[in-house]
Each structure stands twice: as structure tokens, then as C-alpha cells.
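Contents: one structure, followed by commentary.
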2 protein chains.
Amino acid sequence: MASPIPATRTAVPPWMPRPASRGSASQLAVLQKGSSKESFSDFYEGLSEEAGKALQKIEHTVSFPAGAIIFMEGHPARGVYILRQGRAKLLTTNSDGRTMILKIATPGEALGLNSVITGKPYDLTAEILEPAELAFIPRADFFRCITEHGDACMHFASLLSRDCHLAYDLVRSIGLCHSVPERLARFLLEWSTNGSVTDGVVRVKLALTHEEIAQLIGTSRETVTRTLSEFKKQRAIELNGSTLVLRNKPALESLVAA
Amino acid sequence: MASPIPATRTAVPPWMPRPASRGSASQLAVLQKGSSKESFSDFYEGLSEEAGKALQKIEHTVSFPAGAIIFMEGHPARGVYILRQGRAKLLTTNSDGRTMILKIATPGEALGLNSVITGKPYDLTAEILEPAELAFIPRADFFRCITEHGDACMHFASLLSRDCHLAYDLVRSIGLCHSVPERLARFLLEWSTNGSVTDGVVRVKLALTHEEIAQLIGTSRETVTRTLSEFKKQRAIELNGSTLVLRNKPALESLVAA
DNA sequence: ATCTGTGCGTGATCTACATCACTGTCTTTT
DNA sequence: AAAAGACAGTGATGTAGATCACGCACAGAT
């Protein structure tokens with residue numbers, strides 16, 4: 001029951017996670033920060049070695065196809081998911097199908113942490129954007145583990161603090177700056193922080209549909225299309241395929257400052 | 001630098017807290033839940049006795065007049081404040097003076113917790129609404145205390161989780177339901193949960209200005225005035241002085257459901 | 001008695017954006 | 001190869017609500 005099921009991208013029923021591997025030795029590599037870029041809101045980053053190991057013994061990894069729903073707003077919180085590979089969007093939907101994306105999660109990130117801690121149902125929906133791999137830690141095990149490892153708790157408190165902070169930022173953005181151009185510019189600038197600088201301009205994969213951008217900044221798909229072309233016309237940005245090039249970053253920044 | 005100083009309500013310069021008492025025996029009464037209503041996001045509620053006592057030994061109480069700023073967005077996080085008496089608003093302001101209220105804090109509530117934990121500057125401003133008394137716990141002491149008392153950390157993690165949840169609710173509200181009547185109805189219903197039921201109708205002190213309501217639901221003062229009169233005309237609500245009476249609760253609920 | 005500040009009530013405008021309704025690509029499926 | 005979905009681009013249109021600009025009431029100061 002509850003909210004309508006968001007459209008998926010694949011014909012395959014994606015809801016069921018497909019088991020991939022059981023966590024243990026193989027996962028430990030992550031502690032050595034072998035893999036992807038180290039986001040500093042990383043689930044394991046900064047955790048003590050014992051606590052980390054304990055958790056990794058519990059977790060077990062599953063993969064999901066694009067479009068899969070990991071968990072859904074309103075459903076009981078079974079446990080925490082840690083995104084290992086791929087990206088996911090955290091969103092909320094209201095009764096008439098309108099959707100707002102709160103955040104695009106990247107590898108390392110914990111999903112559903114706050115719901116697991118309060119014990120209330122998930123307050124957001126997590127949907128996979130591109131084929132992904134996640135580690136799952138059941139609620140009960142998670143609790144057992146963090147009560148045994150005192151230091152871990154502090155770590156998770158700080159992850160939660162960051163989530164709060166981010167949510168406040170979002171409120172500021174959608175509640176305070178009323179014009180779409182400003183919000184879009186803000187978003188592009190924020191997004192491009194993950195990009196690389198070549199020849200003085202920032203390049204970054206903008207692997208999102210206009211619809212998704214619209215849901216991130218709280219506007220309609222059409223308005224995103226129009227505002228993006230406006231930016232292109234003003235030579236502030238350029239779009240080669242799905243690569244975004246910030247031709248004139250200051251121009252965007254001036255929109256935000258206003 | 002930083003944001004403009006919000007207007008205050010008193011002629012007296014309210015910025016400086018006036019010391020009132022040093023926490024110790026007198027404060028312990030709170031543990032016995034002697035005072036006000038017990039909000040379940042209460043700072044001390046659910047904390048172990050030792051941890052509670054330890055914290056209360058550290059804290060020291062200050063009073064503030066209405067309009068006082070406890071801390072300001074962007075300023076370094078000195079410590080946590082616990083609201084003992086009175087109410088405070090947590091708000092954020094953007095460069096052109098527009099303000100959004102995230103929450104009205106009531107006694108028991110912790111202010112600035114997430115910033116203290118991340119160690120970043122306060123991400124919100126806290127302003128006193130009516131003469132209030134607060135307990136202050138300096139950041140360093142707070143940390144010392146929670147590392148000594150493992151269980152406390154879990155407690156604070158759950159407070160943070162609640163804050164996240166609330167923030168998500170707000171995003172949903174301002175980002176998803178586009179009509180002001182709906183947001184206002186939602187707000188009134190939410191607000192009236194603190195009210196008392198007499199003769200089948202809910203009565204509650206709506207101790208907020210239209211301006212403040214506007215900043216809570218993300219609209220303009222004038223629109224609040226107009227929408228409230230609309231509600232009155234439809235006999236959904238009644239306003240006697242600052243007492244709000246929900247004459248026709250279902251009517252409001254139907255607006256929200258849509 | 002007057003002045004000043006703060007909050008409320010209302011009318012008249014103006015516009016940014018949502019919404020609807022298409023068309024044109026480009027994948028993916030079959 | 002054909003059909004079916006996704007996505008993107010673009011015009012026309014309507015309207016909710018921001019904004020400006022008042023007047024009024026009431027509280028505290030002096």
C-alpha cells in the first residue's frame with residue numbers, strides 16, 4: 001500500500017535483490033580504501049578497525065539492476081544499506097505522484113541509517129540509478145554491533161549530522177531562493193564539484209535526466225530544459241552528450257549570489 | 001559579514017545572555033520529569049542516569065529575553081543548548097534577507113546538536129520567541145562526557161535521526177505540495193496536536209505572527225492573512241485573539257489529502 | 001496626548017512557472 | 001525492420017501567489 005510505485009527503467013521486475021556474495025575477507029579491501037573515491041561521509045571511513053571488521057562480518061552484499069527499489073518510504077526499516085558500486089537516488093513521493101529527490105547517493109554512502117536508528121519506517125525511498133552493488137546490515141545485528149563497539153556510535157552520529165545538514169541546505173535552496181535559474185545554477189555548481197578541471201573549465205558527467213534534475217531542484221521537467229538552453233545561449237555552459245562543461249562558472253555564480 | 005541581523009522585539013540589546021544559575025542539584029529535578037510536558041525528543045529523556053548526571057554537572061543555565069539570538073548560522077559551534085523554558089525558532093536566512101523557519105523548539109529540546117557533532121559552524125540560527133531559560137554545554141565537555149558514557153551517544157544519534165526526519169518532512173511539505181492552502185492546513189493540523197480538545201473541537205494557542213507562519217510554510221505574510229480569512233469564511237477555523245479553534249477539522253484534512 | 005513600532009487586512013498588479021499538447025530523436029524490444 | 005518507450009525541445013495559455021502600497025488598531029514609550 002501507500003505511495004504509487006515509481007516507474008522503472010527495465011522490463012525485468014527489479015524489486016528482488018539478487019544475492020551476489022557473502023561479506024568477509026573480500027569486503028575487507030574496502031577498509032584499505034582500495035576502491036572508489038573516498039567520500040567523507042563514507043560509512044566505513046573513520047570507523048575503528050574492530051568496529052569495521054565486526055560490521056563487515058555481518059553484512060552481506062546484493063546487486064540490483066537500474067530502476068530497482070531498495071526500500072520504500074513507509075515500509076518498516078529492515079536495516080542499513082551501504083552503497084558499494086553505482087548510484088542511487090533518495091526520494092520522496094506524495095499522494096498525487098509528484099516526486100522530490102533529496103539526494104543522489106554515491107559509493108560508500110549509507111542508506112536508511114536514520115530510520116534504522118529511530119526504528120520508524122523508512123522516511124525516504126531509495127532507487128537504483130545504474131546497476132549497483134549494496135551491502136546490507138540487518139537492524140538487529142547493526143544495533144548489537146554498535147552497542148558492543150562504543151566508538152562506532154559516535155561515527156554514525158556524525159553521519160546523521162551530515163544528513164541533517166544536507167537536508168537543511170535543501171530546505172534553504174527550495175524554500176528560500178525562489179527563481180529556478182538560481183536553483184539550477186546552484187545545482188550545477190554543486191554537481192560540478194565532482195568534476196575534473198581541464199583547460200581551466202570544469203567537465204563533469206551529468207548523468208541525470210532533465211526530469212531528475214527537475215525533481216532535485218523542485219521544478220518541472222520543461223522548465224529545466226528551457227533554463228538549460230538559456231544557460232547554453234548565454235554561453236555559461238555547454239553540453240556534449242551527457243558531459244557538462246562549465247564555460248563560464250562566474251556567470252553561474254553571479255546568479256546564485258543574487 | 002554574514003547574514004543581516006534579524007529584527008528583535010525589545011529595545012534592550014538582547015544578544016548577551018544573562019547568567020542565571022549554575023547547574024547542579026537544582027537542575028536534577030528535570031531528570032525526575034517534574035517540569036513541562038515531556039516531548040519525546042527531549043534532550044535528557046531516555047538518557048541513562050549516570051550520563052544525565054554527568055552532563056548536568058557540566059551544563060550551566062542562562063536566561064534570554066524574547067528576540068535574543070542564541071547562536072547564528074555560520075558562527076562556530078561553541079556547544080549545545082538545551083531549552084528549559086520558553087520557545088525558540090530555528091531559522092535560516094539567505095543573502096537577501098528572506099527567512100525560513102525550520103522549527104519551533106519547545107522545552108526539552110536540544111539546539112545546535114548536529115553542528116556540535118560535525119564540528120562545523122552552526123547551520124541554523126536560534127532565536128528566542130518568549131523569555132526563555134537555556135542550559136549550555138560547551139562542545140569539549142560534551143564530547144568528553146559522551147565518550148565516557150557510551151550509551152549517551154546512541155541517545156544523541158536518535159535525536160539526530162529525528163531531526164533528519166523532520167527536515168525531510170519539511171522538504172516534502174514545501175517541495176511537493178504546491179498550494180499554500182494545503183501547506184497552511186497541514187501546518188494548522190500539525191500545530192493543533194499540542195492543543196486541548198473541548199466540546200469536540202480542538203483549541204490551541206497559535207502564538208505566532210502571520211509573518212512567522214509564512215516563514216514556516218514558505219510563503220508571504222499577505223498570503224497567510226488571506227488564506228486564514230479564507231479558512232474562517234469557510235468556517236473551518238475560528239480565531240479568538242491568538243487562540244485557534246479548529247471548527248471543521250475534516251475540512252482542513254481534505255485539503256491536505258488532495 | 002502624541003509618537004513610534006509592530007502586526008493585521010485588503011486591493012491592484014505582474015510575472016514566473018506549471019501545465020498541456022505536440023514533434024522529433026534515439027534506444028531497446030521483439 | 002518495425003514498434004514501443006524513454007527523453008528532449010518548444011509553443012501557447014492560465015493562474016497562483018509574490019510584491020507593492022496602502023489604512024487601521026493597538027501597545028509601549030515619553
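Here the structure is a predicted model, which is why all the values come from computation and not from measurement. Just so we're on the same page: letters track the sequence lines, and every chain starts at 1.
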Rounded to the nearest Å, what distance is computed from the [atom1] atom of residue [X] to the [atom2] atom of nucleotide [N]?
{"X": "Arg183(B)", "N": "dA18(D)", "atom1": "CZ", "atom2": "C1'", "result": "12 Å"}
{"X": "Glu211(A)", "N": "dA6(D)", "atom1": "CD", "atom2": "P", "result": "12 Å"}
{"X": "Leu208(A)", "N": "dA8(D)", "atom1": "CG", "atom2": "C1'", "result": "15 Å"}
{"X": "Glu182(A)", "N": "dC17(C)", "atom1": "CD", "atom2": "C1'", "result": "16 Å"}
{"X": "His178(A)", "N": "dA16(D)", "atom1": "NE2", "atom2": "C1'", "result": "12 Å"}
{"X": "Leu129(B)", "N": "dG7(C)", "atom1": "CG", "atom2": "C1'", "result": "15 Å"}
{"X": "Ile174(B)", "N": "dG17(D)", "atom1": "CD1", "atom2": "P", "result": "14 Å"}
{"X": "Glu230(A)", "N": "dA16(C)", "atom1": "CD", "atom2": "C1'", "result": "13 Å"}

Legend entry - Ion pair check, Glu182(B) and Arg186(B), cut-off under 4.0 Å: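 Here Glu182(B) pairs with Arg186(B) in a salt bridge, since their nearest N and O are under 4.0 Å apart.
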
Legend entry - Ionic contact status for Glu211(A) with Arg221(A), cut-off 4.0 Å: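 Salt bridge: no.
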
At less than 4.0 Å, is any side-chain N or O atom of [X] found next to OP1 or OP2 of [N]? Yes or no.
{"X": "Arg98(B)", "N": "dT19(D)", "answer": "yes"}
{"X": "Thr225(B)", "N": "dC8(C)", "answer": "no"}
{"X": "His210(B)", "N": "dT6(C)", "answer": "no"}
{"X": "Thr223(A)", "N": "dA18(C)", "answer": "yes"}

Nearest to the side chain of [X], which nucleotide is it out of [options]?
{"X": "Glu222(A)", "options": "dG9(C), dA21(D), dA21(C)", "result": "dA21(C)"}
{"X": "Arg221(A)", "options": "dC17(C), dG9(D), dC7(D)", "result": "dG9(D)"}
{"X": "Thr219(B)", "options": "dT10(C), dG17(D), dA8(D)", "result": "dG17(D)"}
{"X": "Ser229(B)", "options": "dA8(D), dC17(C), dT10(C)", "result": "dT10(C)"}
{"X": "Arg226(B)", "options": "dC8(C), dA12(D), dT19(D)", "result": "dT19(D)"}
{"X": "Ser220(A)", "options": "dG17(D), dT10(D), dT19(C)", "result": "dT19(C)"}
{"X": "Val180(A)", "options": "dT10(D), dC17(C), dC7(D)", "result": "dC17(C)"}

Inset, instruction - For the pair Phe136(B) and Tyr81(B), name the ring-plane relationship: parallel under 30°, tilted 30 to 60°, perpendicular over 60°. - result: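 Because their plane-to-plane angle lies in the 30° to 60° range, the rings of Phe136(B) and Tyr81(B) count as tilted.
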
Inset, instruction - Please lay out, stage by stage, how Leu102(A) and Leu91(A) fare under the test side-chain contact (heavy atoms from CB on, under 4.5 Å). - result: CA-CA 5 Å; Leu102(A) 286 261; Leu91(A) 51 94; 5.6 Å; no

Inset, instruction - Take Lys232(A) and Gly218(B), find for each the nucleotide of DNA chain D with the closest heavy atom, and name the residue whose nucleotide sits nearer the 5' end. - result: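 Nearest nucleotide further toward 5': that of Lys232(A).
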
Inset, instruction - Go through the side-chain N and O atoms of Asn114(B) and Asp123(B) and say whether any donor and acceptor fall under 3.5 Å apart. - result: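 Their side chains do contain a donor-acceptor pair, which is all the 3.5 Å distance test asks for.
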
